[in-house]
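Letters A, B, ... are given to chains in the order of the sequence lines, protein chains preceding strands, and every chain is numbered from 1.
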Number of protein chains: 2
Amino acid sequence: MAIRYALLGLLTKGPHSGYDLHSIFKTQHIYFWNSTHSQVYQELNKMRDEELVTYETIVQEGSPNKKLYTITHKGEKRLIEWMMEEAIKPAKIKDEFLLRVSAFQAISVEEAITLLERILAREKAILAGTSQWQLEYYGEHTHPSYLEIGSYLTSEFGKRYAKMYVEWCEWALELLESYRV
Amino acid sequence: MAIRYALLGLLTKGPHSGYDLHSIFKTQHIYFWNSTHSQVYQELNKMRDEELVTYETIVQEGSPNKKLYTITHKGEKRLIEWMMEEAIKPAKIKDEFLLRVSAFQAISVEEAITLLERILAREKAILAGTSQWQLEYYGEHTHPSYLEIGSYLTSEFGKRYAKMYVEWCEWALELLESYRV
DNA sequence: CCGCCCATGTAATAAGTTACATGATTCC
DNA sequence: GGAATCATGTAACTTATTACATGGGCGG
């Protein structure tokens with residue numbers, strides 16, 4: 001039920017197609033939500049039925065026609081109601097890698113180190129990508145317009161998350177080394 | 001399909017009941033997975049059918065009887081196979097609060113600050129809880145036995161995650177203050 | 001006496017993923 | 001010629017959540 005608020009939130013910044021919206025989840029400058037294209041298209045159709053969004057078909061040459069979705073007044077009202085709700089559910093995280101880490105006692109130190117090194121490389125790449133993206137998008141601006149405040153705050157969160165992950169990996173590798181032989 | 005590996009991982013540290021296993025998810029010294037009791041009980045039954053776990057009924061007085069589950073050789077083999085798989089899926093995070101943050105442009109600065117302050121308080125409490133738990137559980141030990149390595153590494157991750165969250169909240173509040181008036 | 005902890009389960013519903021389906025364009 | 005991008009959708013399936021169900025013990 002919350003996927004719709006993710007979509008409505010993105011639509012407050014302007015009209016987007018389903019493809020655009022899914023791309024935002026996929027290309028990850030979003031660290032706090034994820035989805036698949038099929039879910040996005042289905043939710044958009046439901047929201048159109050409930051009049052939370054409207055769309056306009058854009059005829060394109062060279063690429064397929066697309067539907068540009070716009071949030072309605074009703075949709076905006078619904079979003080804000082949800083944002084102001086008392087209860088905020090705790091984050092749900094499913095991190096397969098940390099799940100493997102939590103069972104490291106079942107494998108050898110050497111195997112554990114190999115796994116950690118793989119993830120360290122991955123997280124370093126993610127950190128570099130996010131920092132690069134933030135720089136390109138906001139430049140030296142450390143004070144974006146209020147319209148951008150949401151994505152600015154969360155992109156900084158993403159950067160900090162990636163940095164924390166890298167530092168934790170390095171710390172964990174050092175600790176694991178001490179169990180070797 | 002991954003919930004089973006979470007359970008198998010926990011069972012490598014010794015026998016547990018379904019209730020125990022769910023409590024570990026619920027009382028949060030786990031920052032990388034979550035589940036509900038109904039899913040835990042159902043998955044344990046499935047794994048018993050596939051002979052990945054066995055159980056023994058413990059008759060108790062004063063409290064209801066319980067089933068103590070133990071991982072089988074087959075279960076351990078299956079877990080290790082999974083741990084060593086090449087592909088590691090990226091983490092899936094669903095954080096309702098960050099979702100609200102990402103739509104801050106739809107509400108006023110004052111309302112945004114109120115929301116952030118609420119979360120800052122919550123995250124501070126979580127950080128305090130985790131640090132306290134880690135201290136009680138591991139004491140001054142910064143080098144636990146290899147059997148504990150999995151939960152030690154991930155509890156440290158949890159602490160760092162909570163710390164990062166608190167620091168980000170404080171940074172975000174400061175930035176938001178500058179948009180006031 | 002009310003609510004929480006212990007302890008386990010099933011049924012119904014919702015949410016999310018993967019596979020199936022199509023098709024032009026562009027880059028290597 | 002093959003893969004990736006743009007663009008949308010449906011069908012089948014798996015996973016996850018919520019509600020329903022039971023019941024004794026214990027503390028305030």
Side-chain angles (χ1 to χ4, degrees), chain A residues 1-8 15-28 30 32-50 53-69 82 87 89-96 99, chain B residues 1-8 15-28 30 32-50 53-69 82 87 89-96 99:
Chain A
M1 196 76 287
I3 174 72
R4 66 169 45 188
Y5 299 111
L7 300 172
L8 289 174
H16 292 269
S17 69
Y19 189 86
D20 291 340
L21 293 165
H22 171 241
S23 298
I24 295 172
F25 290 126
K26 199 184 61 182
T27 58
Q28 291 312 304
I30 281 203
F32 52 91
W33 214 265
N34 62 78
S35 193
T36 52
H37 79 273
S38 67
Q39 202 185 10
V40 169
Y41 289 123
Q42 281 172 57
E43 194 61 35
L44 284 171
N45 281 325
K46 275 187 215 162
M47 289 201 287
R48 183 208 51 205
D49 294 344
E50 297 176 42
V53 295
T54 53
Y55 73 86
E56 191 193 350
T57 303
I58 306 292
V59 180
Q60 296 182 121
E61 284 172 52
S63 47
N65 297 346
K66 65 175 171 182
K67 293 181 179 173
L68 255 196
Y69 286 88
W82 173 78
K89 286 182 195 160
K92 285 174 196 169
I93 302 180
K94 305 237 163 159
D95 188 325
E96 279 202 6
L99 195 52
Chain B
M1 196 77 287
I3 175 71
R4 65 168 45 190
Y5 300 111
L7 299 172
L8 288 173
H16 292 270
S17 68
Y19 188 86
D20 291 340
L21 293 164
H22 171 241
S23 297
I24 295 172
F25 289 124
K26 200 184 59 182
T27 59
Q28 293 308 309
I30 281 203
F32 51 92
W33 214 264
N34 62 79
S35 196
T36 52
H37 78 272
S38 67
Q39 203 185 9
V40 168
Y41 289 123
Q42 280 172 56
E43 193 62 34
L44 284 170
N45 282 325
K46 276 189 215 163
M47 289 201 286
R48 182 208 51 203
D49 294 344
E50 297 176 40
V53 295
T54 51
Y55 72 87
E56 191 192 349
T57 304
I58 307 292
V59 179
Q60 296 183 122
E61 285 172 54
S63 47
N65 296 346
K66 65 175 172 182
K67 294 180 178 174
L68 254 196
Y69 286 88
W82 173 78
K89 286 181 195 159
K92 285 176 194 168
I93 302 180
K94 305 239 162 159
D95 188 325
E96 279 202 7
L99 195 51

**Student:** To the nearest angstrom, how far is A:L7 atom CG from D:dT8 atom P?
**Tutor:**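 About 13 Å, once rounded to whole Å.
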
**Student:** Axis-to-axis angle across the helix from C:dC1-D:dG28 to C:dC28-D:dG1, five pairs an end, to 10 degrees?
**Tutor:**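 The angle, to the nearest 10 degrees, is 50°.
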
**Student:** Which residue, A:P64 or B:K26, contacts DNA chain C at a nucleotide closer to its 5' end, judged by nearest heavy atom?
**Tutor:**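 So the residue in question is B:K26.
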
**Student:** Side-chain N or O of A:S63 versus OP1/OP2 of C:dT25: is the shortest distance under 4.0 Å?
**Tutor:**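 No, no such contact exists.
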
**Student:** Show your reasoning for whether side-chain contact (heavy atoms from CB on, under 4.5 Å) applies to A:L99 and B:F32.
**Tutor:** CA-CA 7 Å; A:L99 195 52; B:F32 51 92; 3.8 Å; yes

**Student:** Are A:L44 and A:L21 close enough, and set up right, to give a side-chain contact (heavy atoms from CB on, under 4.5 Å), and what steps lead you there?
**Tutor:** CA-CA 10 Å; A:L44 284 171; A:L21 293 165; 4.0 Å; yes

**Student:** Do we see a donor-acceptor contact under 3.5 Å between the side chains of A:S17 and A:D20?
**Tutor:**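 A:S17 vs A:D20: donor-acceptor pair found between side chains.
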
**Student:** Please report the interatomic distance CH2(B:W33) to OH(B:Y5), rounded to the nearest 0.5 Å.
**Tutor:**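 Reported value, rounded in 0.5 Å steps: 11.0 Å.
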
**Student:** Where do B:L8 and B:V53 land on the side-chain contact (heavy atoms from CB on, under 4.5 Å) test, with the steps shown first?
**Tutor:** CA-CA 8 Å; B:L8 288 173; B:V53 295; 4.0 Å; yes

**Student:** Could you give the CD-to-P distance, from B:Q60 to C:dC6, as a whole number of Å?
**Tutor:**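 Spelled out: CD on B:Q60 to P on C:dC6 is 11 Å.
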
**Student:** Could you give the CD-to-P distance, from B:E43 to D:dT15, as a whole number of Å?
**Tutor:**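 So the CD-P distance, B:E43 to D:dT15, works out to 8 Å.
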
**Student:** Taking only nitrogen or oxygen atoms into account, show me every contact under 3.5 Å that the protein makes with nucleotides 8-16 of chain C, one pair per line with its distance.
**Tutor:**
| unit_1 | atom_1 | unit_2 | atom_2 | d |
| --- | --- | --- | --- | --- |
| C:dT8 | OP1 | B:K67 | N | 2.8 |
| C:dT8 | OP2 | B:Y19 | N | 2.8 |
| C:dT8 | OP2 | B:Y41 | OH | 3.1 |
| C:dG9 | OP1 | B:K67 | NZ | 2.1 |
| C:dG9 | O6 | B:H37 | NE2 | 3.0 |
| C:dA15 | OP1 | A:M1 | N | 2.7 |
| C:dG16 | OP1 | B:K94 | NZ | 3.0 |
| C:dG16 | OP2 | A:Q39 | NE2 | 2.6 |
| C:dG16 | O5' | A:Q39 | NE2 | 3.3 |

**Student:** Just verifying a value: how many Å separate B:S35 OG and B:I30 CD1, rounded to the nearest 0.5 Å?
**Tutor:**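 Going from the OG atom of B:S35 to the CD1 atom of B:I30 covers 10.5 Å.
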
**Student:** Tell me: CD of A:E56 to C1' of D:dT8, nearest whole Å?
**Tutor:**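 So the two atoms are 17 Å apart, to the nearest Å.
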
**Student:** For A:L7 and A:V40, what are the C-alpha separation, side-chain angles and deciding distance, and is it a side-chain contact (heavy atoms from CB on, under 4.5 Å)?
**Tutor:** CA-CA 8 Å; A:L7 300 172; A:V40 169; 4.2 Å; yes

**Student:** Using a strict threshold of under 4.0 Å (side-chain N to carboxylate O), is an ion pair present between A:R4 and A:E50?
**Tutor:**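 Yes, A:E50 and A:R4 are salt-bridged.
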
